[in-house]
Amino acid sequence: MIHLKVLRTGLICLALPAAGQAWALDVTVNGLSGAPAENVVNILSELDANSQSTRQRLDGVVRNRAQQALQAFGYYNATLATRYPDKSNEQVVIDIEPGERTKITQVDVSLEGDAKKDEAFEDVVQSNPLKVGDPLLHSRYDGFKAKISTLSLERGYFNSRFRQQRIEVRPWENSARIFLDFDSGERYRFGQVHFQGSQIEQRRLKAMIPFAPGDPYLAGDLATLNQNLGQTDWFSGVAVRPRVNEESSPAAPSQWWREETGRDTTADTSAVLGGPGLNAARELTDSRPTVVPVDVELTPADRHQFEVGVGYATDVGPRTQFSWTMPWLNRYGHSLTNSLYLSAPEQRFSGEYTIPLENPLRDSYRVRYGLKNIDNEDTKSFESSVQVARHWEFSNGWIQDLYWQTTYEDFTQADQDDAVLLLYPGISWSRTRKRNQTFPSWGDKQQLTLEWSDPAWGSEARFVRTTFDSQWIRMLGTENRFVGRIGGGAMATNTFDKIPPSLRFFAGGDQSIRGYSYESLSPENDDGELLGGQHMLTSSIEYQRHLTGNFWSATFVDTGNAFDEWWPDELKTGAGVGVRWISPVGPIRFDIAHPFDDEEDSWRLHFSIGPEF
């Protein structure tokens, strides 16, 4: 039984109190349930019970609407009996004998025009939900037509139409025959792309167009162009508009007129081309390829952009960062970013100058530079570096950097004190994928770096060094989340005393092995001071369970160490529990971890803000 009563009051009732309240019908349906009965209730509930002058007229409207609601679900032979329990006409009880349901006995779908050779339309026709033997559902019929119409607009069939769209219902046979004849006409093709308002040279912009003039129109290509231009950060506004009907206005002379007459006029041409001549010219126009020029309106981004951020993490305590970005310096699209980072153990100034190449989104030269001062545990270091890199971003999401780095570092590490100049090439590959940037439900991050230094080209130390990192996030259902990580590094060298702290390996901290302080794990000298290691290996597994709202619980185990000989003599392990809060500024993580081999510091708190990667 379906029962619904809706009270509707409008502004007109407030303005005209004498008119009284408008009551929707209180509808009760017997003999039928589910979506068909709900459809009857929904349609009749919109009917004002006081809108009809007599009950006889009201009953006629009720029966007519109820029949229409039932026919939408294939009930064309339903028998209705209506009752009105009181004199106010505000309640109606409908007893329904639905009868046999109308079923589809024939489906004829045909395509004409260019769509007949379009695989996308073939796939839609193959997935036709209207099957012989199924009950007739008008919603499926309407949805199938809408799918064809939408696809035609997405793929550039702007002159398409249904030459036939008909349902033949034979209630005496409880049968329905469906006929759909779709004529797509000719598919439009892309014309030239016109950029307006850009401060960047057109050659750079055209390199980001995912189609060429003459390619078949595809709305998705316009979305890709919009996205490509937005990703450059050169513009604060991007508007991509196809000119589908550029010649439809009488004020604009059509292309065929200019080509055939050599005249540029908008005057009435009926006197020049009347009757058969005009028809022949129109046929000539219709027979020519239809072209869609594309207009792109661009608004330059602010030339100077500033950002200030503050935060806190157990590893470094309070921290702040100030960045100054110039997303475009000249008409070639060069950009510059400078950043100042301050925390108790580390102060860093860094910058990057980017020179885009033929494909600005994929290829570029990058010059990176920086100054860094560190005073943490047994490490004191002042480092200056310059790196020149060739940067590639591949279509599969991988990023490759091939670089040459120059580093001068003056350092004290435990009882070792030196200043070294290092010159070394390197190559790195990385990829990050995730769904939902703030709190990913799925994702992974991969990184691998190889570096080689040798006195043969003037470097003061010889080494081969590699680092790797792999992280992943997966969900089981909607309440269970898993986060895993494995990472490490290795270095081969016969001049370890010349290797600065920035290239040695340390473990421990919020992003390494919880339960131990930041970079507190490494080989030690005879006085127990940290030296840093030639190798490192860390791993972590974490299980999170949704609690309520934006809160999740966490249970984790971390293990690993930094060491000199492969394999390590000892792995340090920490485990604990935590809470995750998905705040408006990003996930906030609070953990309590226990280091299993440290009796003096049996518990350690870890706090940080931001996603896992």
Side-chain angles (χ1 to χ4, degrees), residues 1-106 129-130 133-146 162 164-180:
M1 175 182 293
I2 304 296
H3 186 83
L4 179 65
K5 184 172 183 176
V6 181
L7 174 62
R8 303 192 308 177
T9 58
L11 292 177
I12 190 171
C13 299
L14 297 176
L16 300 173
Q21 292 180 331
W23 286 87
L25 279 177
D26 180 355
V27 184
T28 301
V29 173
N30 299 322
L32 196 63
S33 61
E38 291 177 2
N39 199 39
V40 172
V41 172
N42 291 335
I43 288 180
L44 291 181
S45 296
E46 298 176 356
L47 180 62
D48 182 359
N50 298 322
S51 63
Q52 306 300 323
S53 57
T54 65
R55 174 171 291 184
Q56 183 178 4
R57 294 187 62 178
L58 174 63
D59 189 61
V61 174
V62 167
R63 288 175 173 273
N64 184 55
R65 291 194 178 188
Q67 289 285 6
Q68 293 176 2
L70 292 170
Q71 289 172 5
F73 286 85
Y75 294 102
Y76 279 82
N77 290 313
T79 301
L80 308 181
T82 56
R83 293 180 282 117
Y84 298 86
D86 55 43
K87 296 181 180 180
S88 65
N89 293 339
E90 294 173 0
Q91 297 181 8
V92 61
V93 178
I94 305 177
D95 298 315
I96 300 176
E97 293 183 8
E100 188 176 346
R101 202 168 187 179
T102 298
K103 294 185 178 181
I104 300 173
T105 58
Q106 182 179 345
L130 305 170
D134 287 350
L136 174 62
L137 295 176
H138 285 257
S139 59
R140 287 185 182 177
Y141 171 77
D142 293 335
F144 182 55
K145 287 200 309 176
F162 282 99
Q164 182 177 216
Q165 46 181 328
R166 189 173 81 254
I167 301 178
E168 290 183 359
V169 178
R170 300 184 179 184
W172 62 91
E173 293 181 353
N174 296 307
S175 67
R177 294 167 174 78
I178 297 175
F179 302 93
L180 288 173

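Numbers here simply count residues along the sequence, with the first being 1. These numbers come from a predicted model, not from an experiment.
The two residues P36 and S33 come nearest to each other via the heavy atoms CD-O, 3.7 Å. The two residues T105 and S175 have their closest heavy-atom pair at CG2-CB, 3.5 Å. Nearest approach of P98 to G31, heavy atoms of both residues: CD-O, 4.0 Å. Of all the heavy atoms in L44 and V27, the pair that sits closest is CB-CG2, 3.8 Å. Taking every heavy atom of both residues into account, Y141 and L130 meet most closely at N-CD2, 3.8 Å.
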Only distances under 3.5 Å count here; give the side-chain donor-acceptor pairs of residues 73-81 to other protein atoms, sequence neighbours excluded, each with its distance to 0.1 Å.
unit_1 : atom_1 : unit_2 : atom_2 : d
Y76    : OH     : H138   : NE2    : 2.8
N77    : ND2    : P171   : O      : 2.9
N77    : ND2    : N174   : OD1    : 2.5

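Remark: Q67 pairs with no residue by the side chain to side chain donor-acceptor pair (under 3.5 Å) rule, at least two apart or across chains. Scored by the side chain to side chain contact (heavy atoms under 4.5 Å, CB included) test, R166 finds Q164, E168, F179 as partners (sequence neighbours excluded). Applying the ring-ring contact (aromatic ring centres under 6.0 Å, His included) rule to F162 yields the partners F182; only residues at least two apart in sequence or on another chain are considered. In this structure N64 satisfies the side chain to side chain contact (heavy atoms under 4.5 Å, CB included) test together with Q68, sequence neighbours excluded.
Considering only heavy atoms from C-beta on, V62 comes within 4.5 Å of Y84 through its side chain. Side chains of I94 and L32 form no contact here, defined as non-hydrogen atoms less than 4.5 Å apart. Side-chain contact between N30 and R83: present, with at least one pair of heavy atoms (C-beta onward) separated by less than 4.5 Å. Residues Q71 and V169 fail the side-chain proximity criterion, which asks for heavy atoms closer than 4.5 Å.
From L136, atom CG reaches atom NZ of K103 across 12.0 Å, with rounding to the nearest 0.5 Å. Residue R170 holds its CZ atom at 12.5 Å from OG1 of T102, rounded to the nearest 0.5 Å.
Listed by first then second residue, pairs satisfying salt bridge (Lys or Arg N to Asp or Glu O under 4.0 Å) with a partner in residues 61-70 read D59-R63, not counting sequence neighbours.
At distances below 3.5 Å, at least one donor-acceptor pair connects side-chain atoms of N39 with backbone N or O atoms of A69.
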